[in-house]
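For the numbers below, each heavy atom of this structure counts, side chains included, while hydrogens, waters and symmetry mates do not.
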Amino acid sequence: MNFTFCVLVLLSGLTLVQSVAETETSAGSQSCCPGLSLFHQELSAVKTKLEAVETQLKETESQLLVLKEKEALKVVFSAATGGNGAIGPFSQHQTLVFRTVITNIGSAYNQHSGVFVAPVRGIYYFAFYYHASGLHPSYVHLMKNSNIVVLSSDQQTVNDGADNGGNAALLELQQGDQVYLQLVANNHVWGNDYHTTFSGFLLHQV
């Protein structure tokens, strides 16, 4: 049996007893029963305490409901660039678009724009990895809105035929904040379904 329901039953019973006591008091029973007034006072005190308990229980149930709703929200994504070749170099900074979606629970990542939009305020984890040839430099920013959070880079080399890089960060995001990867101008990465990836998930709401 629900504890809140038990409290409500007790309150109903006490209200009934209190009503009877008040009726008897108004009818003049106090003169023949001196303890009735004291009983009525004690009954009122118990009822007040139970009402306070009921209020606290309702608040606790509301808080538990909010926590359950937060736990129920799942936001997880992982995607690769797709294709099979170099992305860049470009003359301007470019948002990297990861078109091959591996998973996208919550649909917060947009595979057409390459942008993740936070559905709720919370702490999020993001990670990215890239593969590149050594013929051009590689320089990638993890962006929050228009701000650089972390980056990874590699210089152009003659003898090194391939490079790999990546980074990760925990971010507190507000609802609507955008997170994406930016390829710096005159740099490149290698795109396919396996090497260059972007992933993230909601750790917990705040």
Side-chain angles (χ1 to χ4, degrees), residues 66-67 69-206:
V66 170
L67 287 173
E69 290 175 350
K70 287 183 176 181
E71 289 177 356
L73 180 63
K74 304 296 182 184
V75 181
V76 181
F77 81 96
S78 188
T81 57
N84 188 29
I87 301 174
F90 302 107
S91 59
Q92 297 180 335
H93 296 349
Q94 295 287 327
T95 298
L96 284 172
V97 179
F98 296 81
R99 294 184 172 83
T100 301
V101 174
I102 300 168
T103 186
N104 193 16
I105 299 172
S107 301
Y109 171 73
N110 188 320
Q111 69 190 85
H112 305 292
S113 66
V115 178
F116 172 89
V117 180
V120 294
R121 181 188 176 197
I123 304 299
Y124 294 80
Y125 175 82
F126 295 95
F128 69 92
Y129 302 94
Y130 67 83
H131 179 73
S133 72
L135 300 178
H136 299 283
S138 299
Y139 210 121
V140 179
H141 296 153
L142 175 66
M143 305 290 294
K144 173 185 173 182
N145 299 322
S146 59
N147 300 312
I148 300 171
V149 180
V150 294
L151 58 84
S152 182
S153 63
D154 195 86
Q155 300 299 317
Q156 180 178 356
T157 56
V158 176
N159 299 321
D160 189 1
D163 296 304
N164 295 284
N167 213 329
L170 283 164
L171 298 178
E172 179 178 351
L173 301 180
Q174 304 295 324
Q175 184 178 17
D177 279 346
Q178 298 184 354
V179 179
Y180 55 96
L181 292 183
Q182 183 183 75
L183 180 64
V184 176
N186 302 313
N187 287 264
H188 89 298
V189 294
W190 187 266
N192 61 23
D193 291 340
Y194 310 104
H195 287 97
T196 301
T197 60
F198 181 32
S199 305
F201 61 87
L202 171 63
L203 189 62
H204 63 79
Q205 290 183 248
V206 295

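- When side chains are defined from C-beta on, V120 counts as touching L73, because their heavy atoms get closer than 4.5 Å.
- In this structure, Y129 has its ring center at least 6.0 angstrom away from the ring center of H131.
- With sequence neighbours excluded, the residues forming a side chain to side chain contact (heavy atoms under 4.5 Å, CB included) with N145 are D177, Q178, listed by chain and number.
- Residues H188 and P89 share a closest heavy-atom pair of CB-N, 4.0 Å.
- The only member of L203, L170, L202, V76 that meets side chain to side chain contact (heavy atoms under 4.5 Å, CB included) when paired with Y125 is L170.
- Applying the salt bridge (charged side-chain N to carboxylate O under 4.0 Å, His left out) test to every pair with at least one member in residues 118-134, sequence neighbours left out, gives these pairs: R121-E172.
- Under the 30°/60° scheme for interplanar angles, the aromatic rings of F128 and Y130 are found to lie parallel.
- S152 places a side-chain N or O within 3.5 Å of a backbone atom of G166 that can act as its donor or acceptor partner.
- Using a distance-only test at 3.5 Å, with no hydrogens or angles considered, a donor-acceptor pair links the side chain of T196 to the main chain of W190.
- Within the model, atoms NE2 of H136 and CG of D163 stand 12.0 Å from one another, a figure rounded to the nearest 0.5 Å.
- The shortest side-chain heavy-atom distance between F77 and F116 falls under the 4.5 Å cut-off.
- Put simply, CD on Q175 and CD on Q205 are 9.5 Å apart, with the number rounded to the nearest 0.5 Å.
- A distance of 8.0 Å separates CD1 in I123 from CG in L173, rounded to the nearest 0.5 Å.
- Here the side chains of L181 and L142 are in contact, with some heavy-atom distance below 4.5 Å.
- Annotation: F90, atom CZ; neighbour count of heavy atoms from other residues, nucleotides and ligands within 6.0 Å is above 12.
- In this structure, the side chains of P137 and N187 come closer than 4.5 Å at one or more pairs of heavy atoms.
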Can you give the donor-acceptor pairs under 3.5 Å from side chains of residues 93-108 to other protein atoms, not counting sequence neighbours?
{"residue": "H93", "atom": "ND1", "partner": "A185", "partner atom": "N", "Å": "2.9"}
{"residue": "T100", "atom": "OG1", "partner": "D193", "partner atom": "OD1", "Å": "2.8"}
{"residue": "N104", "atom": "OD1", "partner": "Y109", "partner atom": "N", "Å": "3.4"}
{"residue": "N104", "atom": "ND2", "partner": "Y109", "partner atom": "O", "Å": "3.0"}

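- The side-chain heavy atoms of V140 and Q182, taken from C-beta on, include no pair separated by under 4.5 Å.
- With contacts defined as side-chain heavy-atom distances shorter than 4.5 Å, the pair F126/Y180 does not qualify.
- The distance from the CD atom of Q155 to the OH atom of Y139 is 8.5 Å, given to the nearest 0.5 Å.
- Heavy atoms only, all atoms of each residue included: G114 and F198 are closest at O-CE2, 4.2 Å.
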